[in-house]
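Here the structure is laid out as structure tokens; the discussion comes afterwards.
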Amino acid sequence: AGEGAIGVVLAVVWVGIARADWGWMAGLAVVGALGHFTLIKAYALAQASTIQPFAYFQLVFASIIGVVVFHETMQVPVILGAAIVVGAGIFTLWREKQAARKISLSPDSKL
């Protein structure tokens, strides 16, 4: 039912994309596709536990862009939450590296 209601609203307020903005939309599509392609390649070459902590840095970079470009203010709970999420990702990466190191150093492992 909600989809129908939103369709009615869109029919009234829809504004088409300006001709000058189609280049930006095409650029956005290309950059988005390349981003997904490189992420897929990264997951094909490495374990998710190695790659995922870097994805958490999106939160940091998006916050920096918000503050610098859009003049947003960061509140303490948001900063603490972001630090916990990024810290957990870094800890997971560290833990996985330690586990792999233990396996490679164990006498049972074959070199």
Side-chain angles (χ1 to χ4, degrees):
E3 296 86 10
I6 203 71
V8 171
V9 171
L10 284 177
V12 175
V13 298
W14 177 263
V15 176
I17 298 173
R19 187 173 291 221
D21 293 333
W22 277 102
W24 289 107
M25 292 299 289
L28 179 64
V30 169
V31 169
L34 285 173
H36 282 287
F37 176 76
T38 56
L39 187 61
I40 291 166
K41 287 297 184 184
Y43 280 116
L45 296 173
Q47 293 182 357
S49 61
T50 302
I51 296 169
Q52 191 57 37
F54 295 103
Y56 294 135
F57 281 109
Q58 291 177 23
L59 180 64
V60 174
F61 293 128
S63 298
I64 291 169
I65 290 170
V67 169
V68 172
V69 176
F70 299 108
H71 308 291
E72 295 179 355
T73 56
M74 298 295 295
Q75 296 182 358
V76 173
V78 174
I79 294 169
L80 289 174
I84 290 169
V85 169
V86 171
I90 292 170
F91 173 75
T92 302
L93 176 63
W94 175 81
R95 187 187 64 205
E96 291 295 321
K97 294 291 182 189
Q98 293 298 317
R101 189 170 156 217
K102 280 184 182 179
I103 290 171
S104 68
L105 294 177
S106 70
D108 297 334
S109 68
K110 296 179 181 175
L111 299 176

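These figures come from a predicted structure and were not determined experimentally. For reference, positions follow the sequence shown, starting with 1.
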Next on the checklist: Taking Phe61 as the starting point, is it possible to reach Val86 by hopping between hydrophobic residues whose side chains are less than 4.5 Å apart?
Outcome noted: yes

Checklist entry - Any link between Val60 and Ile90 through a network of hydrophobic side chains (Ile, Leu, Val, Met, Phe, Trp, Tyr) touching at under 4.5 Å? => result yes

Next on the checklist: Counting neighbours of CD on Gln47 that are heavy atoms of other residues, nucleotides or ligands and sit closer than 6.0 Å, is the number greater than 12?
Outcome noted: no

Next on the checklist: Per the ring pair (Phe, Tyr, Trp, His ring centres under 6.0 Å) rule, what does the pair list look like for residues 70-103, sequence neighbours excluded?
Outcome noted: Phe91-Trp94

Item to check | Same apolar cluster (I L V M F W Y, side chains within < 4.5 Å links), Met74/Ile64 | outcome: no

Item to check | Remaining members of hydrophobic cluster (4.5 Å side-chain criterion), Ile17 | outcome: Trp22, Met25

Checklist entry - Can you tell me how far NZ of Lys41 sits from CD1 of Ile51, rounded to the nearest 0.5 angstrom? => result 12.5 Å

Next on the checklist: Within this structure, what is the NZ-CZ distance for the pair Lys97 and Arg95, rounded to the nearest 0.5 Å?
Outcome noted: 13.5 Å

